[in-house]
Amino acid sequence: MARTVWDSTVGKKTVMAVSGLVMLLYLVAHMIGNLKIFFGSGEFNAYAHWLRTIGGPVMHEEWTLWLIRVVLVAAVVAHAVSAYQLSRRDIRARPTPYAHRRRRASYATRTMRWGGIILGLFIVWHLLDLTTGTVHSGGFESGKPYQNVVDTFSTWYGNVIYLVAMLAVGLHIRHGFWSAAQTLGVGSRSRDRALKAAANVLALLLTAGFIAVPVGVMTGVVS
Ligand code: HEM
């Protein structure tokens with residue numbers, strides 16, 4: 001049964017929609033959490049510490065965080081694998097090749113593909129930058145994310161990488177949220193305008209909320 005669903009195009013699109021919504025929930029929480037940086041290092045670092053103790057005393061330190069990480073990794077893998085397989089299927093579905101050798105996918109499809117690749121690369125960079133400190137520009141200190149974030153946005157390339165990624169997040173969510181609603185059957189002629197508006201507002205709020213942090217550091221509001 002699960003195999004039949006996974007093999008179908010609708011099944012893969014459903015996997016994309018559900019895993020996308022899981023990641024979207026995480027992003028909304030992450031964006032709101034990041035805004036605590038405007039309340040100073042004490043509050044921001046305390047919030048990062050709290051992330052490691054969620055669920056206590058029932059859960060041991062970092063157990064809940066690891067649970068969240070496992071769910072997120074599963075969502076990212078499911079999303080990427082189904083996206084790849086759907087795009088292969090899309091190319092194979094055409095019985096005769098196009099007259100022009102290269103087939104041009106629609107604007108939305110191209111934006112989603114490239115946006116997805118940029119976001120995948122960004123997540124790797126972001127983890128190496130602010131979670132492990134491997135590529136971090138300053139003296140990375142785990143448990144001191146406030147200073148780590150300020151260091152990242154004190155370099156030109158840190159700002160460029162994050163600003164490009166944040167724009168990709170906005171564009172990806174704008175189209176992805178809309179597509180997910182269609183796949184999950186929420187869309188209808190009367191609701192489509194409202195869904196499009198909701199996708200635009202959500203994308204705008206997330207992008208603006210994330211971008212506020214580097215802009216805060218660049219303008220000296222956060223230092
Ligand atoms: C300006 C934008 C962003 C800032 C300032 C930021 C900041 C941070 C910081 C400080 C951490 C480390 C938290 C800690 O170890 O306590 C972190 C972790 C993380 N961020 Fe971001 N982030 C941003 C955007 C994003 C975006 C757009 C994504 C996803 C596309 C993302 C995904 C993650 C993930 C998956 C983790 C690892 C969580 C964990 O397992 O501990 N972040 N972020």
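Since the model is a prediction, treat every value here as computed from it, not as a measurement. Just so you know, ligand 1 is whichever comes first in the structure, and atom 1 is the first atom listed for that ligand.
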Donor-acceptor contacts, no H, no angles, side chain residues 182-198, under 3.5 Å, sequence neighbours left out:
{"residue": "Thr183", "atom": "OG1", "partner": "Ser179", "partner atom": "O", "Å": "3.1"}
{"residue": "Ser188", "atom": "OG", "partner": "Ser190", "partner atom": "OG", "Å": "3.3"}
{"residue": "Ser188", "atom": "OG", "partner": "Arg191", "partner atom": "N", "Å": "3.2"}
{"residue": "Arg191", "atom": "NH1", "partner": "Val186", "partner atom": "O", "Å": "2.4"}
{"residue": "Asp192", "atom": "OD1", "partner": "Ser188", "partner atom": "N", "Å": "3.2"}

Indicate yes or no for a side-chain donor-acceptor contact from Tyr146 to the backbone of Ser223 under 3.5 Å, with no hydrogens or angles considered.
yes
Counting only heavy atoms closer than 4.0 Å, does ligand 1 sit against the backbone of Leu127, its side chain, both, or neither?
side chain
Does the side chain of Arg113 reach to within under 4.5 Å of the side chain of Ile118, using non-hydrogen atoms?
no
Which ligand 1 atoms does Pro214 reach within 4.0 Å, using its non-hydrogen atoms?
1 (C)
Considering only the protein, which heavy-atom contact is closest to atom 34 (C) of ligand 1, and what is its distance?
Tyr26 OH, 3.3 Å
Taking only heavy atoms of Val149, which atoms of ligand 1 are found under 4.0 Å from at least one of them?
10 (C)
Is it the case that over 12 heavy atoms from other parts of the model lie below 6.0 angstrom from the CH2 atom of Trp63?
no
Decide ring-ring contact (aromatic ring centres under 6.0 Å, His included) for Phe44 and Phe39; before the verdict, give the C-alpha distance in whole Å, the side-chain angles of both, and the deciding distance to 0.1 Å.
CA-CA 7 Å; Phe44 191 68; Phe39 298 99; over 10 Å; no
His79 side chain to Met16 main-chain N or O, any donor-acceptor pair under 3.5 Å?
yes
For Val149 and Val222, run side chain to side chain contact (heavy atoms under 4.5 Å, CB included): C-alpha distance rounded to whole Å, both residues' side-chain angles, the deciding distance at 0.1 Å, then the answer.
CA-CA 10 Å; Val149 169; Val222 175; over 6 Å; no
Where the side chain of Asn148 meets the backbone of Glu141, is there a donor-acceptor pair that is under 3.5 Å apart?
yes
Which protein non-hydrogen atom lies closest to atom 24 (C) of ligand 1, naming both residue and atom, and how far is it?
Phe210 CE2, 3.5 Å
Give me the residue, atom name and distance of the protein heavy atom closest to atom 29 (C) of ligand 1.
Leu27 CD2, 3.5 Å
Closer than 4.0 Å to some heavy atom of Ala48 - which atoms of ligand 1 meet that?
16 (O)
Looking only at heavy atoms, is any part of Met23 under 4.0 Å from ligand 1, and if so is it the side chain, the backbone, or both, or is it neither?
neither
If you scan protein heavy atoms around atom 15 (O) of ligand 1, the nearest is Arg52 NH2, 2.9 Å
Can you find a non-hydrogen atom of His49 under 4.0 Å from ligand 1?
no
dist Asp129:CG -> Tyr162:OH (nearest 0.5 Å) comes out at 4.0 Å
Report the C-alpha distance between Phe140 and Thr152 in whole Å, list the side-chain angles of each, state the deciding distance to 0.1 Å, and finish with yes or no for side chain to side chain contact (heavy atoms under 4.5 Å, CB included).
CA-CA 10 Å; Phe140 180 82; Thr152 286; over 6 Å; no
N or O contact, Arg69 vs ligand 1, cut-off under 3.5 Å
yes
Return the minimal non-hydrogen interatomic distance between Phe210 and His30, and the atom names on each side.
CE2-CD2, 4.0 Å
Metal site atom 21 (Fe) of ligand 1, protein N/O/S atoms found under 2.8 Å:
2
What residue and heavy atom of the protein are closest to atom 26 (C) of ligand 1, and at what distance?
Phe122 CE2, 3.6 Å
Specify whether the nearest protein heavy atom to atom 13 (C) of ligand 1 is under 4.0 angstrom away.
no
Do side-chain atoms of Thr53 reach the backbone of Glu61 as a donor and acceptor pair under 3.5 angstrom?
no
